[in-house]
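Data first, discussion second: the structure below is written as structure tokens.
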Amino acid sequence: MKREDYISWDEYFMGVAVLAAKRSKDPNTQVGACIVNKSKRILSTGYNGFPYGCSDDTFSWDREGEDTKYQYVVHAELNAILNAHGKSLEGSRLYVDLFPCNECAKAIIQSGITEVVYLYDKYADEPETIASKKMLNAAGVRTTQLNLHRDTITIDFNRNK
Ligand SMILES: O=c1ccn([C@H]2C[C@H](O)[C@@H](COP(=O)(O)O)O2)c(=O)[nH]1
Ligand SMILES: [Zn+2]
């Protein structure tokens, strides 16, 4: 008889997004994204971080002041789109833990992604998120909040020891 406690496709793809977020050096909000095609194949992943050549140790991670991370950071969704290196994303689905901002929404729409699956929406009242929803809705990109039946998935590197 087959195992019954295997993870669902949604848990798998969101799990990959959450794992990608663990690569982020952002001290406040780590975001991960995973793009999946209609055949349930992962096309790309990304997380929020500075561009190549812009050191995590010298560029600012500040949230306020003259020199902030917002001027430099590449968002998880855009990184995932760029990491696909021109592969067609037409009709694909993007899993991301945080609801995408307006700039990511533009890239999502233009790249042909047709569904955004997200976990939380902590900036729902910000103008960027409101604009994002307006654009995604106008462009016919579905947005689905995932309601998972478990809070954690354990990754155990020692299970065979
Ligand atoms: O669509 C989005 C929106 C934001 N991010 C990243 C950008 C920043 O690194 C953090 C947000 O930092 P706060 O300190 O919570 O303002 O999230 C993203 O990757 N995608
Ligand atoms: Zn964004």
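No experiment lies behind these values; they were computed from the predicted model shown. Each ligand, and each atom within it, is numbered from 1 in the order the structure gives. Side chains included, hydrogens not; waters and symmetry mates left out as well; all remaining heavy atoms used.
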Is there a side chain to side chain contact (heavy atoms under 4.5 Å, CB included) between L98 and K122 once you walk through the steps?
-> CA-CA 7 Å; L98 176 65; K122 72 171 172 171; 3.8 Å; yes
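Side-chain contact between K25 and Y47 is present, with at least one heavy-atom pair separated by less than 4.5 Å. By the 4.5 Å heavy-atom criterion applied to side chains, V141 and I109 are counted as neighbours.
Regarding atom 20 (N) of ligand 1, its nearest protein heavy-atom neighbour is E77 OE1, 2.8 Å. In terms of protein heavy-atom proximity, atom 12 (O) of ligand 1 is closest to K69 NZ, 3.0 Å. Counting protein heavy atoms only, atom 19 (O) of ligand 1 is closest to A76 N, 3.0 Å. In terms of protein heavy-atom proximity, atom 2 (C) of ligand 1 is nearest to H75 ND1, 3.2 Å. Looking only at protein heavy atoms, the nearest one to atom 6 (C) of ligand 1 is N48 ND2, 3.6 Å. The closest protein non-hydrogen atom to atom 15 (O) of ligand 1 is Y123 OH, 2.3 Å.
Between K133 and D121 there is a salt bridge, since a side-chain N of the basic residue sits under 4.0 Å from a carboxylate O of the acidic one. Under the 4.0 Å criterion applied to side-chain N and carboxylate O atoms, D26 and K69 are assigned as salt-bridge partners.
The aromatic rings of Y72 and F59 lie perpendicular to each other, with more than 60° between the two planes, well past the 30° mark.
The heavy atom nearest to atom 10 (C) of ligand 1, out of those in V96, T68, D26, is found in D26. Nearest-heavy-atom check against atom 11 (C) of ligand 1 across T29, D62, V73, N28 picks out T29.
Using a 4.0 Å heavy-atom cutoff, Y70 is listed among the residues neighbouring ligand 1.
Annotation for ligand 1: atoms under 4.0 Å from non-hydrogen atoms of V31 are 5 (N), 6 (C), 17 (O), 18 (C), 19 (O). Atoms of ligand 1 lying under 4.0 Å from at least one heavy atom of P100, given by number and element, are 1 (O).
For C104, every heavy-atom contact with ligand 1 shorter than 4.0 Å involves the side chain, none the backbone. Contacts between E103 and ligand 1 below 4.0 angstrom, taking non-hydrogen atoms only, are absent altogether.
Residue S60 holds its OG atom at 6.5 Å from CZ of F50, rounded to the nearest 0.5 Å. Here CG of L94 is found 10.5 Å from CG of L43. Values are rounded to the nearest 0.5 Å.
Atoms ND1 of H75 and SG of C104, as seen from the Zn ion (ligand 2), are separated by an angle of 110°, to the nearest 10°.
The number of heavy-atom neighbours closer than 6.0 Å to CD of E64, taken from other residues, nucleotides and ligands shown, is 12 or below.
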